[in-house]
Amino acid sequence: MAKTTRFFTLPFLLIVAGVIFQLSAVTSAIGINYGTLGNLQPPQQVVDFIKKNTTFASVKIYDANPDILRSFAGSEINVTIMVPNGNIPAMVNVANARQWVAANVLPFHQQIKFKYLCVGNEILSSNDNNLISNLVPAMQSLNEALKASNLTYIKVTTPHAFTISFNHNTPSESRFTDDQKDFFTKILEFHRQAKSPFMINAYTFFTMDPNNVSYAIFGPSNSVTDTNTRQTYNNMFDAVMDATYSAMNALGYGDLDIAVGETGWPTACDAPWCSPQNAENYNLNIIKRAEVIGTPLMPNRHIDIFIFALFNEDGKPGPTRERNWGIFKPDFSPMYDVGVLKGGISPLPPINNGKWCVAKQEATYMQLQANIDWVCSHGIDCTPISLGGICFDNNNMTTRSSFIMNAYYQSKGCSDDACNFSGSGMVTTTNPSTSTCPIPIGEGGGGTESKSGNWCMAKQEATETQLQANIDWVCSQGIDCKPISPGGLCFDNNNIKTRSTFIMNAYYQSKGYSREACDFKGSGIVTNTNPSTSTCVVRGGGAPASVTP
C-alpha cells in the first residue's frame, strides 16, 4: 500500500459527493489488489474465491509469485504483476529484462490474461536516487523484452503516490511540483511511446480535510465549481482524477490514459473516520465509479481502478490502518457488503436452512423494546411492526422485535455481530415466521426465497417526465413515499432515478413480484442486479425495503 506521506498545498474546501446511481447490469470492470502479508488462505483457494464468488474482473499482485500465477491459470481474470522495487536497477540491462520476462511471464502467458506489468511501486516516494534514476530505463528494457516475445498487449507502467500539488478548489490548477517535472516528463513520454497508462495510487483518505470527511467518502456535502473551467465537482475522487489530468496536460500529455493502481478506505485506524461504514460507502461508490465513463475534464475517458485491498493483512508493520484495508477477512467473510459477491450471498459455506436473527426467549420486554427503538432510529423501515402493519402483534413483543432485529441483521450482511443486541439476540436456522408475519431469510444462508434476487428499477433511457409520473402514480396507490420525500433516507434531489427505482420497486413488491407490475409503460425493468445506493437500500424478493444504518 502507499506510504502515508502526501503533498498538498492549498486549503480544502467543501465539496459535494452526490451518490452515483447504481451501475447497470454489466460485468464489473473493477480490479482488486491481492496483498499477501498476512495469515491468508493458499493461493488456489483465494483465486477460486475471486473467480467463483466475486465479480472482480482484474487482480493486481505485488510480485510475480509463481504459486499465485499458477492458480490464476485458466481463470479468465486479468492479472497485473509487478517487478519488485529492488529489482529495478538490474532491469536496465535488456538481457536481464528478457530473462525476467522469460522466467515470470512466458511460462504463464498462454493460460493467464496478463494486463499490466508494473515496474516497482511508488518509486519517487522512496527517495532512493538509485531506483528513481533507473526507473524509466528499466521500464524501457522490460517493454522491449515484451515486444521481443510478442507480448505487446501487456502494458508496462508504474504506480505513483499522489504527490501532485493539489488545488482542492480548482483542480484544473493542480500541477507537478518543479522538482518533479523532469521525472514525470520522462515517465509520460515513455507512456506515450509504449501506449500504456499513467498509473497513480489515488487515496482520498490521505488528501482529505479531517473536517470534511464526508466529501472524501462520497457523502453529502456542498458542490464546488472550478472557477477556471466552470466544472462542478460532487466528490473528491473526480477532483483528484482531474487534478492528475491537469498536471499531465500542463506538461503536454493530457491525451494519455490514466489508471488507478490503488484506492480504498481503512476500516480501522487511530482516527474516528476509519470505520467499516465509511469504508463501505467509499468502496461502494468507487465500484460504481468504475462503470462511469469520464470525469468533468475527461468526459469520454475510461479509468481502470484497482481497490486496495482484497484482504486485511495482519502481517503488515506500521500503524493500525496498514492492516485494515481489506474488503474481506482472511477467511473470506466480508468486512462489509459492496455488492461484489455474486448473487449477493455470503462466500462462506451455506447453511442448509438459512439464517435469521431473532430475540432470545429469556430477553426481557425492556430489552426488546430498546432493540426496536434503537433499530428504528437507524433508518430501518419499521412500518411492518407499527400499528396496522402486517407484523404488528400487540401481544407478542418477541415477534415484533425479531422482525426488526432481523431486518437490521440483513442490512449488515448477516454478520453475527449485528445480531448481538447486548446479548438479547441470537442467530438461528429455525424459521421464526408466524402465519401473519413472514420474516425474510438471511442472505447469508442457503435456501433463499426464489424471488429474493429480483428488483424493479427504472430503465437508464427513461426520461425524467416518465419517472416523475411513475412516482406520482405509485404514491397515489397507497405506497409509503416517505423514504423518497425530503428528509427521507432515499431522497436524493439530484437523482430522480434513485427515487423512482425505490418507489417502483415498492409497488412491484406489493404486487407479488409480477413482471407486469414493473412495466410502467415501458420505463421499468426487472433485474437481478441490486440497484441500491449507499444511503438507500432497495430490497429484493420478499424482504422489506430498508436502508443501511
Side-chain angles (χ1 to χ4, degrees), residues 15-32 55-58 78 115 162 171-172 197-204 214-221 223-226 229 231-246 248 254-265 280-308 327 338-340 457-464 467 492-501 525 527 529-536 538:
I15 299 182
V16 151
V19 178
I20 303 167
F21 189 71
Q22 174 70 25
L23 56 115
S24 59
V26 296
T27 302
S28 172
I30 198 74
I32 192 74
T55 59
F56 291 122
S58 299
N78 291 311
K115 187 176 183 71
F162 183 71
S172 63
F198 179 71
M199 184 176 282
I200 63 166
N201 293 337
Y203 288 98
T204 63
S214 184
Y215 158 69
I217 62 169
F218 295 84
S221 184
S223 62
V224 163
T225 299
D226 188 314
T229 64
Q231 298 290 347
T232 298
Y233 291 89
N234 296 321
N235 62 81
M236 187 176 186
F237 183 79
D238 278 0
V240 166
M241 291 298 97
D242 278 357
T244 303
Y245 164 79
S246 297
M248 295 165 61
D255 57 307
L256 300 183
D257 286 335
I258 297 172
V260 176
E262 296 177 13
T263 190
W265 199 272
E280 176 181 345
N281 196 63
Y282 182 82
N283 284 327
L284 179 69
N285 282 281
I286 283 294
I287 289 168
K288 295 172 186 175
R289 195 67 193 79
E291 298 297 335
V292 175
I293 301 298
T295 65
L297 294 185
M298 298 180 287
N300 299 308
R301 197 85 62 86
H302 171 76
I303 299 173
D304 278 341
I305 301 174
F306 292 86
I307 290 177
F308 189 88
I327 293 178
V338 287
V340 295
M457 66 182 290
K459 286 183 177 178
Q460 291 298 316
E461 62 269 24
T463 66
E464 287 195 10
L467 299 183
D492 180 350
N493 195 45
N494 295 317
N495 200 330
I496 196 170
K497 281 190 170 68
T498 299
R499 301 197 303 278
S500 58
T501 288
I525 183 172
T527 178
T529 298
N530 192 331
S532 301
T533 71
S534 60
T535 57
C536 178
V538 184

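The chain is numbered in sequence order, starting from 1.
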Verdict with supporting geometry, Asp257 and His302, side-chain contact (heavy atoms from CB on, under 4.5 Å): CA-CA 8 Å; Asp257 286 335; His302 171 76; over 6 Å; no

Tell me the closest heavy-atom pair linking [X] and [Y], and the distance in Å.
X: Gly339; Y: Thr55; result: O-OG1, 4.5 Å
X: Pro171; Y: Ala239; result: CB-O, 3.7 Å
X: Asn235; Y: Tyr215; result: C-CE1, 3.3 Å
X: Met298; Y: Met241; result: CE-O, 3.8 Å
X: Ile217; Y: Asn285; result: O-ND2, 4.5 Å
X: Tyr233; Y: Pro296; result: CE2-CG, 3.6 Å

Evaluate the side-chain proximity of [Y] to [X]: yes if any heavy-atom separation is below 4.5 Å, no if none is.
X: Asp242; Y: Thr229; result: no
X: Ile305; Y: Phe237; result: yes
X: Leu297; Y: Ser246; result: yes

Steps toward side-chain contact (heavy atoms from CB on, under 4.5 Å) verdict (Arg499, Ile496): CA-CA 5 Å; Arg499 301 197 303 278; Ile496 196 170; 3.6 Å; yes

Residues Thr295, Ile303; criterion side-chain contact (heavy atoms from CB on, under 4.5 Å); working and verdict: CA-CA 9 Å; Thr295 65; Ile303 299 173; 4.2 Å; yes

Once rounded to the nearest 0.5 Å, what's the spacing between atom [atom1] of [X] and atom [atom2] of [Y]?
X: Ile307; Y: Trp265; atom1: CD1; atom2: CH2; result: 14.0 Å
X: Ile287; Y: Ile327; atom1: CD1; atom2: CD1; result: 5.5 Å
X: Gln231; Y: Thr225; atom1: CD; atom2: OG1; result: 9.0 Å
X: Arg289; Y: Leu284; atom1: CZ; atom2: CG; result: 14.0 Å
X: Ile258; Y: Met199; atom1: CD1; atom2: CE; result: 11.5 Å
X: Ser500; Y: Lys459; atom1: OG; atom2: NZ; result: 13.0 Å

Donor-acceptor pair between Tyr282 and Thr263 side chains, under 3.5 angstrom: yes

Qualifying residue for side chain to side chain contact (heavy atoms under 4.5 Å, CB included) with Phe218, from Asn283, Thr204, Ile286: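 Filter result, single survivor: Ile286.
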
Residues Phe56, Ile30; criterion side-chain contact (heavy atoms from CB on, under 4.5 Å); working and verdict: CA-CA 6 Å; Phe56 291 122; Ile30 198 74; 3.6 Å; yes

